[in-house]
Amino acid sequence: MSDSKISVKKLHLFYKDFQALNGIDIEVRPQHITALIGPSGCGKSTFLRSLNRMNDLIEGVRIEGTILLEGSDIYSSAVDMVALRKRVGMVFQRPNPFLMSVYDNVAYGPRIHGEKNKRKLDEIVETSLRGAALWDEVRDRLHKSALGLSGGQQQRVCIARLLAVQPDVLLMDEPSSALDPKSTMKIEELIRDLKQRYTIIIVTHNMQQAARISDTTAFFLNGTLVECNETELIFTKPGDQRTEDYITGRFG
Amino acid sequence: MKITSDTTGRVLSTGAALVTILLTLAIIVFIATKGLSTFIINGVPVKDFLFSTNWFPDRPLEEGGPQVGVLAFMLGSIIVSLLAVLVSAPLSVACAVFIREIAPFWGQRVLQPAIEILAGIPSVVYGYIGLSLLVPFIREHLGGLGFSVLAGFLVLSVMILPTIVSMSVDSLRALPQEWKEAAYALGSTRWQTIRIVLLPAARSGIITGVVLGLARAFGEALAVQMVIGNTRKIPGSILDPVITLTSAITMDMGNTPMGSLWSNSLWSMGLLLLFISCLFILVVRFVVQRSEMSQ
Amino acid sequence: MKARSADKLATAIIWAGALIVIAVLASIIGYILFNGGKSISWDFLTKPAQVIHSGGGIGPQIFNSFYLLALSMLITIPVGLLGGIYLAEYARPSKLTGGLRLCIETLNSLPSIVIGLFGLLVFVNMTGWGYTLMSGALALTVINLPLIVRYTEEALQSVPASLREASLALGASHWQTIVKVVLPGAFPGLVSGFIITSGRVFGEAAALLFTAGMSSPALDFSQWNIFNSSSPLNPFRPAETLAVHIWKVNTEGLIPDLRRVADGSAAVLILIVLGFNLLARWLGHRIYRHMTAT
Amino acid sequence: MLNKSKLVAVVLCLGALLAVAGCGENDAKATAENKLSGNITAVGSTALQPLVEQAANQFMGGNPDVRIVVQGGGSGTGLTQVVQGAANIGNSDIFADEKNGIDAAQLVDHQICVAGMAAVINPNLNIDNLTKQQLVDVFSGKVTNWKEVGGQDQKIVLVNRTKSSGTRATFKKYALGGVEEATGLEEDASGNVRKIVKETPGAIGYLALAYLNSDVKAIKLDGVEPNKENIAIGKYPVWAYEHCYTLGNPTGATDAFLNYLLTDDVQKTLVPQLGYIPVTEMQITRDAAGNVK
């Protein structure tokens, strides 16, 4: 298991008195797509957000257990949160481009991390937009507001914005749930492409999506990790009755 | 570098918060120090100050001594501002409902901007209009001198309208759209929806607005002073002239030497105003807290 | 059927309420503009006021009003903005936060005359400045501050949380996120909030009677050295604003044409406040459109 | 750490700026070559303010190095500030001795002019003379209808100045012989009193002569008309000095300005224009206790 990118041990998460995660153990392999599935409220999004400490922003959240990113504990007090989030980026459910131009959106990350060189920025923006398979669609309107784009394009701007800070890990919280089927297909294609360079963890409601794109699938229920295995195995021979019930649509 | 800018930001904004708190405390401390000297230095019993109508700060000692009872001022302030709220509150709630529920287009395009303009009209101008239009009107058509409780609370009720309307509109806006849709889907009429679903749910916001309006009416000085006649007597009818704490302060402050009993008792009136507006805040907090608990 | 007619009746009553308010507003504004409109002329707007003779203008008063407003905003906006940022971004439920909210509510409901008294005591007497623009500006600051803090907090909170998260997830620090993402997003709201606040304090008189004074010494509009005592920009000179001028002319005026001056000043004041409101709406709308480029 | 010290520096700079801008006032002095220079602050009575303001403008025209700032605030404020040394000149409508809480012994009185006061009534009342006793009866509330003092059947409406007003103090002392007024409407400002008396049937109030116009009717007291001539020769008793007080004897520019106020440049033009009686034309004098010489 030493080749794990992320290794989570006995993770408990409390929201005030409510226990949202109960003893999660999971290993995430590098350059793989891991899908997290489960019914609403099962804790999969909460889990995702604890991987780059986004939960720290929420009042009353308490965490026990360890999360190791390449062997070092991300919850140790020595960790620079900013540096952590730079390495572990996140794409959200709804596209959330800033009220800026496409260019400024993508250049935002490099700029706040100190990049001032205009040529360098141009380069990063182009590479990132190409990486997000959006360059050809927006090259003529780089300096117009990102809010003028379609939902699918906006989501890809958000992905490009993330790529521009060169993270190792991409966390995606139902990235296509707010999009139409055509945009969804494009995003899925993109995610598959990105796998070659990034470790991707994706939360999805859509089981076909999980089956289509992921290598590993983890099934969450009521704050516990029921099982985690090769995607093919999960969808063909689930090891747990509850997993089978869920993927065959008997509940959730 | 990053950490430093973050710390600076946090320090600066916490500093601004502290400045605001210190400022408020400074106001309270300074006004209280000056205001309490009537009782501490001049030795006027609090009871005589609050519950007597004898206001003879200039009377020499041998004729019964300076007396500084402010009951007439205090009652005047209370009467005028309560009546203002009584007129203004129903009208304001009607306006808020109109803006949100009855005619959103007209309401938001015409009425709401119009009410915002009302908020921006300086109180001096209100007083001036009251003096030029309202006072003669009352004198000719209703009798009395025109300078009256009536003129005072009518002017005030217009002045506090924007406060109540905007608070009520905000709290109606904050209600989930689904509640309204659910009520309509159950076959309620618009009025039933408003009366049974919306108004009760928005109640705490509306009450907060009314109390803040009351506070504003209570503390208003110039507009009221111009139309109430300033007679140091407890009024017998709404056509009688009346006097308020604020008008007593504006009229006498400049003419009395600092440190004299007279001046001190004006500061005590200021303290009384401060005290009562703090009381209003507590009422608001209580209302909000109770409605939060009941939800 | 009964519910139906109750509905009709209630609707009619609410319409009536709205119409009454519009009628009151229209008659107030109409009255002022009708009476005062005819006395507004270029001379009236620029000439200095007269004490005994007729034909005075309100030039210095208009200047004073704007200058005082600018001075006070110069102090209030940084403090209020930071205070609003604290409440919207940093505040956790703590004693400090609770205290701050209570203080803001208290400040907001303080009668302006009490603020005037405080100003008289501290800014006028304790500092030894006397009745000056600076004393007035500080008193206005006390009135402004809670409004600006509230507008800032509201504007910042209206920026979707998802934008904050996006920025943080890119490794931006909290402060960078506030400066680069949240503040620009809140900008339209901030601008209109500030302008509406300006309109409010523009008409303030009660607090200024005791702080900025009621006299307007001769101003030398060719002297722009801020430290020269006859310079219009010197913040340590007494100054009478337009609202105070209306009060003074009405109460102590000796001039034979005081009706004309009072009516005209009221009309000018209303027009300026109206202008502030329209400007706030227009600017807020425009900035928003510019930023979203729709 | 660096940023904290930056913050401190900014605060210090601001403080210093305020201090620099704030000082340099209140130091009136004459320079060696007898050219007047310095700053004078005159604070107080709103009634006297226009006169001093206009005179100051004229004075500064001839003495460009002198800067005079005239502020209102009321007689009480003026006296307080001059005693505290916050102002060079304190303007007052009444003798400092008459104000409680002021140590008049430290102050030097400069009487600039005289303000006469008249009882005024609504122009529709058919009365133009009252005896002193009648006036006292009217204001003390003993008489409540005009027909009891020879007018038509009309209720009397009293319009008083606020208790702290110098006009009221003077009127009470010299017109009413110190008798306490009954409660009536109260206004702090002459403009409002005039407006109310003009518009309210049966109203009676009192105004400084400067505010008299056709809106209201000034009435004779014991047959004596309230005008400058009668006041100057001592026939009409309801008047008061307008005072400029200084803390100790004035020096330098302040002294020069106070002397200027007594020259013909002010006394013959500004004083009558503003409705006051020049102190130089008074044939009698009166002290704080009311003793006439």
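Letters A, B, ... mirror the listed sequences (proteins, then strands); counts begin at 1.
The most heavy-atom pairs under 4.5 Å with chain D, out of B/Arg139, B/Met253, B/Met226, B/Lys233, come from B/Arg139. The choice from D/Ser45, D/Gly202, D/Pro201, D/Gly184 that makes the most heavy-atom pairs within less than 4.5 Å of chain B is D/Gly184. Highest contact tally toward chain D, considering only B/Ser260, B/Pro257, B/Gly259, is held by B/Pro257 [criterion: heavy-atom pairs under 4.5 Å].
When heavy atoms are compared at a cutoff of 4.5 Å, D/Thr80 approaches chain B solely by way of its side chain, counted from C-beta outward. Of the two parts of B/Ser263, neither the backbone nor the side chain holds a non-hydrogen atom closer than 4.5 Å to a non-hydrogen atom of chain D. For chain D, the nearby parts of B/Arg232 are the backbone and the side chain; heavy atoms of each come within less than 4.5 Å. Residue D/Lys155 does not touch chain B at all, counting heavy-atom pairs closer than 4.5 Å. Heavy-atom distances place no part of D/Gln81 under 4.5 Å from chain B, backbone and side chain included.
With hydrogens and angles left out, the side-chain atoms of D/Glu187 and D/Asn192 include a donor and acceptor closer than 3.5 Å.
The two residues B/Gly152 and B/Val80 have their closest heavy-atom pair at C-CG1, 4.0 Å.
Using a 30° and 60° split on the angle between ring planes, D/His243 and D/Tyr245 fall in the parallel class, below 30°.
Taking CG of B/Asn42 as the start and CG of B/Leu261 as the end, the distance is 4.5 Å to the nearest 0.5 Å.
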Steps toward side chain to side chain contact (heavy atoms under 4.5 Å, CB included) verdict (B/Thr244, B/Ile228) = CA-CA 9 Å; B/Thr244 63; B/Ile228 54 173; 3.8 Å; yes
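Under the side-chain contact (heavy atoms from CB on, under 4.5 Å) rule, D/Tyr241 has a single partner from D/Ile94, D/Val114, D/Ile112, which is D/Val114.
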